**Student:** 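Below are the structure tokens for one structure; questions will follow.
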Amino acid sequence: MRLLLLTGKGGVGKSTIAAGTAALAAASGLRTLVLSTDAAHSLADALGCGPGVVGAEPVEVGERLFVQQVDAQLRFEQSWADIQRYLLSVLEVAGVDPVAAEELTVIPGAEEVLALLELRIQVLSGRWDAVVVDCAPTAETLRLLALPEALGWYMQRVLPVERRVVKALRPVLTRAAGVPMPGDGVFDAVERLHAELDEVHALLSGPDASVRLVLTPENVVLAEARRSWTMLSLFGYRVDGVIANRVFPAAGADDWRAGWVAAQEEVLGRVGDSFAGLPVWRSAYRAEEPVGLEAVRAMAADAYAGADPLAAPAGPGPFEVDRTAAGATLRLALPGVSRGDVHLARNGDELVVTVGSYRRLLTLPAGLARFRVAGAGVDDGALRVRFVEDAGEHHHPGRDSGRRAAPGAERSGG
Ligand SMILES: Nc1ncnc2c1ncn2[C@@H]1O[C@H](COP(=O)(O)OP(=O)(O)O)[C@@H](O)[C@H]1O
Ligand SMILES: [Mg+2]
């Protein structure tokens, strides 16, 4: 099953291209679902479906082509309700105004992330050969899917203990602390949400998934798309191409249009440089809005120019581990980043990678956790971290302080 996400700034043409890409996939024989998690649903409009036709369940709009617009608010209430109710009860005891409390329990971007839980349901249903996702305006929210990984340690080791302790002491604690202790329902909800988000992250960073960036040839839009590429790679998502939409056709240009054509050509040159190694597909600015199945399919067909829009992702993914004689090398794609922008730290079996304002807590594969970091570098759009066997630990297998005993052994190498 092929999973493709389209993301990019608002208004660049994500919904139109998502619909067109899905229409092409369906035409090629794949049972295809195009699903929107963007609260500003325009998928149905792009496909020219009348009001009320497309809803929160997949609806067939063409041969093998289904459309679904996830009700983000509803998903949010289903997944977050138990946790939120508990937080609200605590805040109420603390004397916080109910309206303010309601606001405090809302996480920005949470709705869009929870909308992605629908993706998990659809993928698990086994109904589809391809799922095309019309994503929220920025890829920002995909970052939140790495939350389960970051909370992994807490969830595995602390939460179960807390749960048992709270269960045993709930009556006493509630009286002593004066705030209600979380009940089983809250723990269940937290655990379920954690597991489901983790699964969605695994699906989206898996071998059959990729993200495609949609942009228009404008400097501001390009700058954001470049940041998205870095951020998506950091969090383990594979970006497989760029679609430059609304490109002015050069033919028959008057002065005004010729000016725009030249300006766009300049930015498109920079798009090519910025996304070196990725295909950049061009989609012409049409004389009218592409609305309806035929129109969006024709537009996508022109843009992909014969390339299979759902071809299996090729080349190495954003994250790889290679075993070497002395240990292993971890490679994490970080396009557009130089060594100075990256900060690296080791925290037990986690590698903490910080790029600008983004931080990922990367859980090291089991085999790597016992190695120490011997060096790291950034080149060719990727971070490489060298791990070597920690000789100290092997000479003293019974000494668990071996790591600390060697000063500097945990240095990240730069
Ligand atoms: N290549 C194009 N030529 C002409 N109009 C386009 C083109 N691509 C998109 N549009 C129009 O631009 C508007 C925004 O497109 P849409 O796909 O809804 O963007 P997004 O989902 O990124 O917000 C729509 O009215 C759409 O019909
Ligand atoms: Mg849209």
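Every number for a ligand or one of its atoms is a count from 1 in the order of the listing. Just so you know, these numbers use all the heavy atoms, side chains as well, and skip hydrogens, waters and symmetry mates. Values in this document were obtained by computation on a predicted structure and should not be read as measured data.
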**Student:** When you pair each N or O of ligand 1 with protein N or O atoms, which pairs come out under 3.5 Å?
**Tutor:**
| unit_1 | atom_1 | unit_2 | atom_2 | d |
| --- | --- | --- | --- | --- |
| ligand 1 | 1 (N) | N245 | OD1 | 2.8 |
| ligand 1 | 1 (N) | A284 | O | 2.9 |
| ligand 1 | 3 (N) | R286 | N | 2.9 |
| ligand 1 | 8 (N) | N245 | ND2 | 2.9 |
| ligand 1 | 12 (O) | R246 | NH2 | 2.8 |
| ligand 1 | 17 (O) | S15 | N | 3.3 |
| ligand 1 | 17 (O) | T16 | N | 2.8 |
| ligand 1 | 17 (O) | T16 | OG1 | 2.6 |
| ligand 1 | 18 (O) | S42 | OG | 3.3 |
| ligand 1 | 19 (O) | G13 | N | 3.1 |
| ligand 1 | 21 (O) | S15 | N | 2.9 |
| ligand 1 | 21 (O) | S15 | OG | 2.8 |
| ligand 1 | 22 (O) | G11 | N | 3.4 |
| ligand 1 | 22 (O) | V12 | N | 3.3 |
| ligand 1 | 22 (O) | G13 | N | 2.9 |
| ligand 1 | 22 (O) | K14 | N | 2.8 |
| ligand 1 | 22 (O) | K14 | NZ | 2.9 |
| ligand 1 | 23 (O) | G11 | N | 2.8 |
| ligand 1 | 25 (O) | E289 | OE2 | 2.4 |

**Student:** Please check if atom CD in E320 has more than 12 non-hydrogen atoms from other residues, nucleotides or ligands closer than 6.0 Å.
**Tutor:**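 Counting neighbours around CD of E320, more than 12 heavy atoms of other residues, nucleotides or ligands fall under 6.0 Å, so yes.
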**Student:** OG (S42) to the Mg ion (ligand 2) to OG (S15): angle, nearest 10 degrees?
**Tutor:**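 That angle works out to 70° after rounding to 10°.
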**Student:** May I have the step-by-step check of side chain to side chain donor-acceptor pair (under 3.5 Å) for Q68 and E57, ending in yes or no?
**Tutor:** CA-CA 6 Å; Q68 178 181 18; E57 292 299 321; 4.8 Å; no
**Student:** Would E389 and R370 pass as an ion pair if we require N to O under 4.0 Å?
**Tutor:**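 Here E389 pairs with R370 in a salt bridge, since their nearest N and O are under 4.0 Å apart.
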**Student:** Side chains of residues 45-52: which donor-acceptor pairs under 3.5 Å do they make with residues two or more places apart or in other chains?
**Tutor:**
none

**Student:** Could you pull out every donor-acceptor pair under 3.5 Å between side chains of residues 206-217 and any protein atom, sequence neighbours left out?
**Tutor:**
| unit_1 | atom_1 | unit_2 | atom_2 | d |
| --- | --- | --- | --- | --- |
| S210 | OG | R2 | NH1 | 3.0 |
| S210 | OG | R2 | NH2 | 3.0 |
| S210 | OG | D240 | OD2 | 2.8 |
| R212 | NE | D240 | OD1 | 3.0 |
| R212 | NH1 | Y304 | OH | 3.0 |
| R212 | NH1 | P309 | O | 2.9 |
| R212 | NH2 | D240 | OD2 | 2.9 |
| R212 | NH2 | P309 | O | 2.7 |
| T216 | OG1 | E218 | OE1 | 2.4 |

**Student:** Please lay out, stage by stage, how V133 and L4 fare under the test side chain to side chain contact (heavy atoms under 4.5 Å, CB included).
**Tutor:** CA-CA 6 Å; V133 185; L4 176 68; over 6 Å; no
**Student:** Could you tell me whether the Mg ion (ligand 2) has an N, O or S atom of S36 under 2.8 Å away?
**Tutor:**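 So S36 does not bind the Mg ion (ligand 2) by this criterion.
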**Student:** For T329, which residues count as a side-chain hydrogen bond (donor to acceptor under 3.5 Å, both in side chains) partner, sequence neighbours excluded?
**Tutor:**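 Partners of T329 by the side-chain hydrogen bond (donor to acceptor under 3.5 Å, both in side chains) criterion come out as none, since no residue qualifies.
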